[in-house]
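In the text below, chain A, chain B and the rest are named by the order of the sequence lines, each starting its count at 1.
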There are 2 protein chains.
Amino acid sequence: MKETNYVVLGLLSESPLTGYQIKRLIDLRFRFFWSESYGQIYPTLKALSNDGLVEEVDTATSRNRSQKTYRINSAGMEALQHWLRQPVVRETVRLEILLKMYFSHLVDANAMIGHLLEFQEKHEKELKVMNVVGKELQTILDKDPNHAYILRVVSLGKKVNKAYIDWSKETIKFLESPKKP
Amino acid sequence: MKETNYVVLGLLSESPLTGYQIKRLIDLRFRFFWSESYGQIYPTLKALSNDGLVEEVDTATSRNRSQKTYRINSAGMEALQHWLRQPVVRETVRLEILLKMYFSHLVDANAMIGHLLEFQEKHEKELKVMNVVGKELQTILDKDPNHAYILRVVSLGKKVNKAYIDWSKETIKFLESPKKP
DNA sequence: CGGCGCATGTAACTTGTTACATGATTCC
DNA sequence: GGAATCATGTAACAAGTTACATGCGCCG
């Protein structure tokens, strides 16, 4: 079964949510290591509901705003826990920038420098977010047992982003240094 | 156009190759940041050939072993160079282990420790390979202008793998430390 | 002569993205 | 009144994996 199911179940294990909220949470918290589109989330919620792992609570047309909130049930919790114990199978990394770096001797160095600057900026922003989130979590570490776990995830996010940033800087320097013809 | 096209063109820009060789090279050199299956490579070669970007040279049934070797042509080189100058669009990372880490307070710590040990071992092996490749390239740095570029790619591979390994160790320690109830 | 590596390819399937349609609410 | 955000959903498409079929050459 595809991982989308478990991302959704996992988030629902914390609190009942709508599809929209799930998408937002993934973008916010999992940005650096996971992503999902609406095209995956809504059908997944429907399937999970059909399989009896989640339940629809207050389809609030109460305020005439169509909104479906889903809650995980005990079967869903068990499915989630079962998956958590299974070996990790997915580790997908696709970094186009490295592909371009690998072949970039075929074009002018400035093109690659541009790509690297963009890459660096992107990950500097991401690192900043990680730092903020990390500090916030630090202050409320005792409020919830899972905060310490989330902090571990943030920790890798910081390390990887730092590695990306350092590497970009080094590589830009390398490309800027004059070559012997 | 999907990136598979350019991975293939890129490798063919170094020397003529068969589909099988392309697959092997990707697994060997790009392992930590890219992957392709035969189901992508063979159709891509066919399409590239139809589009006139590569040409089939010696379909060597010469030794009665069916084998198609492809060579890039000037149109292909241009397409490759054009792509190299375009902004980077793809950066896909999907680390199931972080998903599991995030929710692992829901199951026994030993399950997660097992996942982490496996992850650590995997990346220790990968780091070793990177170190070997790095040293080899270092000694033949002047033989080909692209060696220095490849070395830059290896450099990020090392950094990221080190980050993964450090993080695994830290996280295992964290999970092994006794919790207050 | 058996197994491994070389070699090609495809069909079925799963996964994932994009673009679009629709409409309410909130805030300026 | 108009933009942004909240909110749901699908259809078409693109990308990617897996499993399978096939067969040669080489080594022991």
**Q** Measure NZ/A/Lys46 against P/D/dT8 and give the value in whole Å, please.
**A**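 After rounding, the reported distance stands at 13 Å.
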
**Q** Check whether any side-chain nitrogen or oxygen of A/Arg94 sits under 4.0 Å from OP1 or OP2 of D/dA15, and answer yes or no.
**A**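 For D/dA15, OP1/OP2 do not have a side-chain N/O of A/Arg94 under 4.0 Å.
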
**Q** Just to be sure I understand the rule, does A/Gly19 reach a base, reach only the sugar-phosphate, or reach nothing, if contact means heavy atoms closer than 4.0 Å?
**A** sugar-phosphate

**Q** C/dG16 phosphate, OP1 or OP2: any side-chain N/O from A/Ser35 under 4.0 angstrom?
**A** no

**Q** Could you state the atom-to-atom distance from CD1 of B/Ile41 to P of C/dT8 in whole Å?
**A** 10 Å

**Q** For B/Arg24 and for B/Gln40, locate the closest nucleotide of DNA chain C by heavy-atom distance; then report the residue assigned to the nucleotide nearer the 5' terminus.
**A**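 By nearest-heavy-atom nucleotide position, the 5'-most residue is B/Arg24.
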
**Q** Using modelled atom types only, decide if a donor and an acceptor are shared between the side chain of A/His105 and the backbone of B/Asp144 within a distance under 3.5 Å.
**A** no

**Q** Check this for me, if you would: do A/Arg90 and A/Glu3 make a salt bridge, where the nitrogen-to-carboxylate-oxygen distance has to be below 4.0 angstrom?
**A**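 So A/Arg90 pairs with A/Glu3 through a salt bridge.
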
**Q** Determine, step by step, whether B/Tyr149 and A/Phe103 satisfy the ring-ring contact (aromatic ring centres under 6.0 Å, His included) criterion, reporting the C-alpha distance in whole Å, the side-chain angles of both residues, the deciding distance to 0.1 Å, and the verdict.
**A** CA-CA 8 Å; B/Tyr149 290 78; A/Phe103 298 117; over 10 Å; no

**Q** Using atom CZ of A/Arg90 as one end and atom C1' of D/dT17 as the other, report the distance to the nearest whole Å.
**A**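 About 10 Å, once rounded to whole Å.
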
**Q** OP1 or OP2 of C/dG9 versus the side-chain N and O atoms of B/Tyr38: is any pair under 4.0 Å?
**A** no

**Q** Taking the side chain of A/Pro43 as heavy atoms from C-beta outward, which of C/dT8, C/dT10, D/dT10 is closest to it?
**A**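 Of the options given, the side chain of A/Pro43 lies nearest D/dT10.
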
**Q** When you measure from the centre of the six-membered ring of B/Trp167, is the NZ or CZ of A/Lys158 under 6.0 Å away and within 45° of the axis?
**A**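 No, a cation-pi geometry is absent between A/Lys158 and B/Trp167.
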
**Q** Output the rounded distance in Å from OH (B/Tyr20) to C1' (C/dC4).
**A**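 Answer to the nearest Å: 10 Å.
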
**Q** OP1, OP2 of C/dT8 versus side-chain N and O of B/Thr18: anything below 4.0 Å?
**A**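 Affirmative; the distance criterion is met.
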
**Q** Measure the distance from OH on A/Tyr6 to P on C/dT15 and round it to the nearest whole Å.
**A** 11 Å

**Q** How is B/Ser37 classified with respect to the nucleic acid when contacts are heavy atoms under 4.0 Å: base, sugar-phosphate, or nothing?
**A**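 Base, at least one base heavy atom under 4.0 Å.
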
**Q** Do any side-chain nitrogens or oxygens of B/Lys68 fall under 4.0 Å of OP1 or OP2 in C/dG9?
**A**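 True: B/Lys68 side-chain N/O within range (under 4.0 Å) of C/dG9 OP1/OP2.
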
**Q** Rounded to whole Å, how long is the line connecting atom NZ of B/Lys2 with atom C1' of D/dA14?
**A**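 Atom-to-atom, B/Lys2 to D/dA14, this comes out as 8 Å.
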
**Q** Using a strict threshold of under 4.0 Å (side-chain N to carboxylate O), is an ion pair present between A/Arg152 and B/Glu170?
**A** yes

**Q** Taking CE from A/Met1 and P from C/dT15, how many angstroms apart are they, rounded to a whole number?
**A**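 About 10 Å, once rounded to whole Å.
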
**Q** For B/Glu3 and D/dG16, what is the distance between atoms CD and P respectively, to the nearest whole Å?
**A** 7 Å

**Q** Select one nucleotide: of D/dG16, D/dT8, C/dA7, the one nearest the side-chain heavy atoms of B/Thr4.
**A**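 The closest nucleotide is D/dG16.
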
